[in-house]
There are 2 protein chains.
Amino acid sequence: MTYDPKYENKLRESGLRPTKQRIKICEVLFNSTETFHFTIKDLVKIIENQANIKVSLATVYNTVHAFNKKGYLKEIPINSSQSYYDTNISHHHHFFDEDENKLIDIDQNDVDEVMIKKTIPGKKIKSIEVIAKIVTDN
Amino acid sequence: MTYDPKYENKLRESGLRPTKQRIKICEVLFNSTETFHFTIKDLVKIIENQANIKVSLATVYNTVHAFNKKGYLKEIPINSSQSYYDTNISHHHHFFDEDENKLIDIDQNDVDEVMIKKTIPGKKIKSIEVIAKIVTDN
DNA sequence: TCAACAGATTAGAATGATTTTAATGTATGT
DNA sequence: ACATACATTAAAATCATTCTAATCTGTTGA
């Protein structure tokens with residue numbers, strides 16, 4: 001079977017075979033150029049509503065994990081019972097709206113580059129994330 | 001019953017009555033001037049090893065939550081199945097060592113102040129956290 | 001093309017952190 | 001010392017995530 005090569009490549013490069021279920025996941029995640037912040041539950045709900053096929057939770061989890069590992073998705077560090085992912089993998093940061101439990105992008109240009117002077121012997125910095133928690137301003 | 005006023009105040013200001021169990025939790029958390037990064041499981045383990053009294057999980061959770069809410073503890077935003085807390089509530093940031101699942105403080109002076117230009121109408125920034133993930137440097 | 005097999009899918013079970021419950025105990029103001 | 005509001009507790013419930021093991025499918029080489 002052949003699939004949209006756009007998605008097929010992403011999958012193969014993430015170490016996954018293209019299958020109906022995974023292509024469907026790709027369609028939801030990568031169809032639009034817009035940033036998309038989601039939890040696994042969100043993703044499953046969207047697939048259920050759109051799709052003619054059923055995708056099991058296990059498949060959603062392992063596909064998202066593979067994309068995250070490969071760097072096609074980014075997991076956002078926030079304290080929440082669920083993991084949040086972002087389809088915008090460019091270097092940028094986030095507001096986390098604590099009233100609504102919602103992430104909002106902060107463009108790279110809206111934050112001066114974070115310079116960390118401290119170093120740890122034998123370790124290198126893999127990523128730097130800025131999370132600004134916001135609440136209603138009264 | 002009367003207790004060490006140092007801990008009694010912290011508890012009362014967090015909206016909690018001082019009790020044997022909560023004082024014990026305070027002793028573990030606030031005895032030292034040193035920074036202490038911990039999970040609930042860590043805390044329970046330390047109490048079990050040190051204490052002559054038993055403290056239930058529920059009590060540990062609700063006491064830690066009250067301190068966090070009041071600001072005597074800070075929850076650190078990282079992606080982990082468990083929540084991490086820090087007894088160092090001064091303005092500072094963190095490395096998260098992904099090899100060892102361990103937090104390391106980064107002093108405020110080791111990071112230039114993070115300035116965010118973007119604003120969200122009706123919202124104010126409550127906190128800004130920088131998390132730098134580190135891994136073994138090969 | 002097609003058999004064989006490595007990898008994928010699935011429902012459901014297992015895990016593990018956290019929260020809730022409901023019965024019993026205790027600090028505190030009067 | 002009493003009444004009562006708040007605490008404590010063990011155990012159950014919840015919920016995201018991971019694992020399992022049976023079944024299925026994409027892929028490769030003959």
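Here is the naming used below: chain letters follow the sequence lines, and residue numbers restart at 1 for every chain.
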Return the nearest nucleotide to the side chain of B:S56; candidates are C:dA8, D:dA10, C:dA11. D:dA10

Counting only side-chain heavy atoms from C-beta out, which of D:dA10, D:dA7, C:dA8 sits nearest to B:K54? D:dA10

Side chain to side chain donor-acceptor pair (under 3.5 Å) partners for A:E13, two or more places apart: A:Y72

Using side-chain heavy atoms (C-beta onward) and a distance below 4.5 Å, is A:H93 in contact with A:Q108? no

In whole angstroms, the gap separating C1' of C:dT9 from CD of A:Q21 amounts to 6 Å

Test question: given the 4.5 Å side-chain rule for I, L, V, M, F, W and Y, name all other residues clustered with A:Y84, or answer none. A:I76, A:I78, A:F96, A:L103, A:I131

Measure from the side-chain heavy atoms of B:A58 and tell me the nearest of C:dA11, D:dA10, D:dA7. D:dA10

Write out all pairs satisfying side-chain hydrogen bond (donor to acceptor under 3.5 Å, both in side chains) with one or both partners inside residues 113-125 of chain A, taking only residues at least two apart or from two chains. A:K117-B:D112, A:K123-B:D97, A:K123-B:D99

Please state how far atom NZ in B:K20 lies from atom P in C:dG25, giving the value in whole angstrom units. 12 Å

Could you work out the complete set of other residues in the hydrophobic cluster of A:M115, with links drawn between I, L, V, M, F, W and Y side chains under 4.5 Å apart? none

Let me know the distance between CD1 of B:I25 and P of D:dA7, rounded to the nearest Å. 12 Å

Connecting only ILVMFWY residues whose side-chain heavy atoms lie within less than 4.5 Å of each other, what is the rest of B:I134's hydrophobic cluster? A:F95, A:I104, A:I106, A:V111, A:V114, A:I116, A:I120, A:I125, A:I128, A:V130, A:I134, B:F95, B:I104, B:I106, B:V111, B:V114, B:I116, B:I120, B:I125, B:I128, B:V130

Residues sharing A:V135's hydrophobic cluster, by side-chain heavy-atom contacts under 4.5 Å among ILVMFWY, directly or via others? none

Spacing between A:I40 atom CD1 and D:dT18 atom P, to the nearest angstrom: 9 Å

Taking DNA chain D as the partner, which of residues 59-87 of chain A come within under 4.0 angstrom of it by heavy atom? A:Y61, A:H65, A:S81, A:Q82, A:S83

Nearest-Å distance for atom pair NZ/C1', residues A:K24 and C:dT9: 17 Å

Contact under 4.0 Å: B:R22 side-chain N or O vs D:dT8 OP1/OP2: yes

What is the distance from CG of B:L16 to P of D:dA5, rounded to the nearest Å? 18 Å

Where the side chain of B:T19 is concerned, which of C:dT10, D:dT8, C:dT28 is the nearest nucleotide? D:dT8

From NZ of B:K45 across to C1' of C:dA17 the rounded distance in Å is 14 Å

Students should find that the end-to-end axis angle of the helix from C:dT1-D:dA30 to C:dT30-D:dA1, with five pairs defining each axis and rounding to 10 degrees, is 30°

Got a sec, which residues hit salt bridge (Lys or Arg N to Asp or Glu O under 4.0 Å) with B:D137, two or more places apart in sequence or on another chain? none

Using a 4.0 Å heavy-atom cut-off, does B:L57 contact any base of the nucleic acid, only the sugar-phosphate backbone, or nothing at all? base

Is it the case that more than 12 heavy atoms not belonging to A:K6 sit under 6.0 Å from its NZ atom? yes

Spacing between B:E48 atom CD and D:dT9 atom P, to the nearest angstrom: 12 Å

